[in-house]
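First comes the structure, then the notes that go with it.
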Amino acid sequence: MPLERAGDPSVFGEDVRAAAAEIVARYPEGQSRSALLPMLHLVQSDQGYVSPDGIAFCADFLGLTKAQVAAVVTFYTMYKRKPTGEYLVSVCTNTLCGLMGGDEIYQTLSETLGVGMNETTADGQVTLEHAECLAACDYAPVVTVNYEFFDNQSVESAGELVSQLRAGERPDPTRGAPLCSFREISRQIAGFVDDRPESLDAEATGTPTRIGVELAVERRHSAPSFAVPRQPAEQLTLGED
């Protein structure tokens with residue numbers, strides 16, 4: 001990840017530093033580098049993306065090099081490397097969703113919004129991306145807005161969804177918590193609870209998922225265990241793995 005400037009960790013205020021300390025405190029002493037992933041979400045929640053400042057802050061706070069932090073940022077697509085809009089609209093284009101309309105949805109939204117992959121509309125409202133899998137095949141094709149699900153989408157419904165977002169509305173997801181901003185969801189992913197009452201009471205699963213579970217129980221289906229029993233030491237012989 002080329003850095004256009006060195007980055008200045010001092011741009012982050014005491015609130016971010018206090019939150020960073022809280023994140024580090026979740027991990028055993030001497031293992032602070034394990035806090036890097038939520039720390040990156042934290043700086044993303046403050047600036048709307050992981051900037052050179054954010055990379056420098058995480059490196060400084062965790063005792064890492066900026067190269068080590070940048071390597072993680074460039075590996076995971078959930079960390080954005082340029083300013084992201086109020087709403088991150090992700091269209092699943094993996095095999096099932098793509099065949100059922102995801103490819104057409106993405107292409108139409110791209111043309112309508114005038115943006116491509118990881119680009120943001122001029123009004124700063126919507127950043128568009130296609131996702132390889134959103135783990136919701138039973139609701140295909142799916143679109144997420146700031147990682148909240150809008151299931152069984154069509155070109156028309158996805159277009160209406162984006163129009164509502166750009167008009168300042170926040171339509172209710174099919175399931176899951178009510179919409180919030182990209183910065184707010186980044187803070188939640190960093191491990192800070194969304195304490196809105198409507199979020200705490202939100203339904204997380206839908207009918208197709210419940211039907212699948214009920215059928216599995218009814219038919220006594222079970223998944224095999226991959227646990228390998230350990231042999232007593234006295235039964236091990238040379239040459240065995």
Point to revise | Joint hydrophobic cluster, Leu37 plus Ile55, side-chain heavy atoms closer than 4.5 Å | key: yes

Review point. Going by distance alone, is a donor N or O of one side chain under 3.5 Å from an acceptor N or O of the other, for Ser181 and Glu86?
Key: no

Exercise for review: List in chain and number order the residues that pass ring-ring contact (aromatic ring centres under 6.0 Å, His included) with Tyr106, two or more places apart in sequence or in another chain; answer none if no residue qualifies.
Suggested key: His130

Exercise for review: Please tell me if the side chains of Gln125 and Tyr87 come closer than 4.5 Å, counting only heavy atoms from C-beta onward.
Suggested key: yes

Check your understanding: With sequence neighbours left out, what residues match Glu22 under side-chain hydrogen bond (donor to acceptor under 3.5 Å, both in side chains)?
Key -> none

Check your understanding: Out of curiosity, does Val11 fall in the hydrophobic cluster containing Val43 (side-chain heavy atoms, cut-off under 4.5 Å, transitive links)?
Key -> yes

Point to revise | With sequence neighbours excluded, residues passing side-chain hydrogen bond (donor to acceptor under 3.5 Å, both in side chains) with Asp138 | key: Thr209

Review point. Applying the 4.5 Å side-chain criterion to the ILVMFWY set and letting contacts propagate, would Leu179 and Phe182 be lumped into a single cluster?
Key: no

Check your understanding: When you look at CD of Glu111, are more than 12 heavy atoms from neighbouring residues, nucleotides or ligands closer to it than 6.0 Å?
Key -> yes

Check your understanding: Is there a side-chain contact between Pro9 and Phe61, using heavy atoms and a 4.5 Å cut-off?
Key -> no

Practice item. Using a strict 4.0 Å threshold on nitrogen-to-oxygen distance, state whether Glu184 and Arg196 make a salt bridge. Key: no

Point to revise | Any side-chain heavy-atom pair of Cys97 and Cys137 under 4.5 Å | key: no

Practice item. Output, in order, the C-alpha distance, side-chain angles, deciding distance and verdict of side chain to side chain contact (heavy atoms under 4.5 Å, CB included) for Gln107 and Val155. Key: CA-CA 9 Å; Gln107 185 62 37; Val155 169; over 6 Å; no

Revision key, fill the gap. Sorted by chain and number, sequence neighbours left out, salt bridge (Lys or Arg N to Asp or Glu O under 4.0 Å) with Arg33 holds for none

Practice item. Would you please name every residue forming a side-chain hydrogen bond (donor to acceptor under 3.5 Å, both in side chains) with Glu132, sequence neighbours left out? Key: none

Check your understanding: Which heavy atom of Val115 sits nearest a heavy atom of Leu128, and at what distance?
Key -> CG2-CB, 3.9 Å

Check your understanding: Would Val89 and Leu161 satisfy side chain to side chain contact (heavy atoms under 4.5 Å, CB included), going step by step from the backbone distance to the final call?
Key -> CA-CA 10 Å; Val89 175; Leu161 169 61; 5.7 Å; no

Study note, to complete from the structure: Sorted by chain and residue number, the ring-ring contact (aromatic ring centres under 6.0 Å, His included) partners of Phe192 (sequence neighbours excluded) come out as none

Check your understanding: Under 6.0 Å from the CD atom of Glu198, do we count more than 12 heavy atoms belonging to anything else shown?
Key -> yes

Study note, to complete from the structure: All heavy atoms of Ser110 vs all of Gly116, minimum pair found to be OG-CA, 4.0 Å

Check your understanding: Is it true that Ile189 and Leu134 fall in one hydrophobic cluster, defined by side-chain heavy atoms closer than 4.5 Å?
Key -> no

Review point. Can you find a heavy atom in the side chain of Gln44 that is under 4.5 Å from one in the side chain of Met78?
Key: no

Practice item. Examine Tyr79 and Met117 and state if one hydrophobic cluster contains both, with Ile, Leu, Val, Met, Phe, Trp and Tyr joined whenever side-chain heavy atoms are less than 4.5 Å apart. Key: no

Exercise for review: Using a strict 4.0 Å threshold on nitrogen-to-oxygen distance, state whether Glu148 and Arg170 make a salt bridge.
Suggested key: no

Check your understanding: Heavy atoms, side chains only, cut-off 4.5 Å: are Leu40 and Val69 in contact?
Key -> yes

